[in-house]
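Below: one structure, written as structure tokens.
Here the structure is a predicted model, which is why all the values come from computation and not from measurement. Basis for what follows: all heavy atoms, side chains included, without hydrogens, waters or symmetry-related copies.
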Amino acid sequence: MCPPHTPVAPAPEFVGKSGTKDEVKNDPEYGDWVYQGDHMLGQLLDALEKKGLAGNTLVIATADNAGEDSVSILPALNGTAKETLREATVHQSMGRDLAIRQGP
């Protein structure tokens with residue numbers, strides 16, 4: 001599972017938990033799907049804490065939806081970036097709305 005990817009398919013125990021819906025597609029389960037993803041991340045963080053690893057572990061939650069205009073963030077993470085990684089970022093919603101963000 002990898003919320004909030006499609007298909008939107010929250011596990012039965014998460015259906016109705018978020019109390020929200022996707023306003024673009026009027027999908028009552030989308031919020032539950034995101035809620036489940038948050039829960040899964042919480043389980044990972046709890047496991048790191050229980051094992052005593054949370055204090056020296058960097059957890060990065062990211063997305064995989066940028067195949068054509070994607071770039072490696074490794075230079076930013078290891079301090080070798082000589083310039084900004086991107087001039088702008090393109091955002092696309094599930095409803096196919098587009099936005100461009102420039103600057104901080």
Side-chain angles (χ1 to χ4, degrees):
M1 292 189 190
C2 54
H5 252 284
T6 57
V8 175
E13 63 266 29
F14 290 94
V15 174
K17 289 278 188 173
S18 71
T20 64
K21 67 178 179 180
D22 174 1
E23 293 295 331
V24 174
K25 292 189 174 183
N26 200 26
D27 184 350
E29 291 188 339
Y30 186 76
D32 301 335
W33 189 225
V34 174
Y35 185 90
Q36 181 175 343
D38 289 348
H39 176 78
M40 293 165 63
L41 181 58
Q43 287 182 308
L44 171 69
L45 297 175
D46 288 347
L48 290 170
E49 188 70 38
K50 287 177 185 171
K51 295 287 186 179
L53 300 171
N56 64 356
T57 301
L58 175 63
V59 176
I60 300 173
T62 187
D64 66 350
N65 292 335
E68 288 79 20
D69 56 349
S70 69
V71 297
S72 173
I73 63 169
L74 184 59
L77 295 175
N78 67 18
T80 62
K82 295 182 176 37
E83 56 191 44
T84 57
L85 296 175
R86 294 177 184 237
E87 176 186 335
T89 302
V90 177
H91 300 271
Q92 180 177 354
S93 74
M94 288 178 60
R96 300 191 189 265
D97 299 313
L98 293 172
I100 296 177
R101 178 179 177 170
Q102 287 183 292

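- Within 6.0 Å of atom CG in L98, more than 12 heavy atoms from other residues, nucleotides or ligands are found, so the atom counts as buried in its surroundings.
- Of all non-hydrogen atoms in Q36 and A9, the two that sit nearest each other are OE1-O, 4.4 Å.
- Criterion: ILVMFWY side-chain heavy atoms under 4.5 Å apart, direct or through other members. Under it, Y35 and V15 are not part of a common hydrophobic cluster.
- A donor-acceptor contact shorter than 3.5 Å is absent between the side chain of E29 and the backbone of P10.
- Within the 4.5 Å cutoff, side-chain heavy atoms of L77 are placed close to those of I60.
- The line from CG of L41 to CG of D46 is 9.5 Å long, rounded to the nearest 0.5 Å.
- Of all non-hydrogen atoms in S18 and G31, the two that sit nearest each other are OG-C, 3.2 Å.
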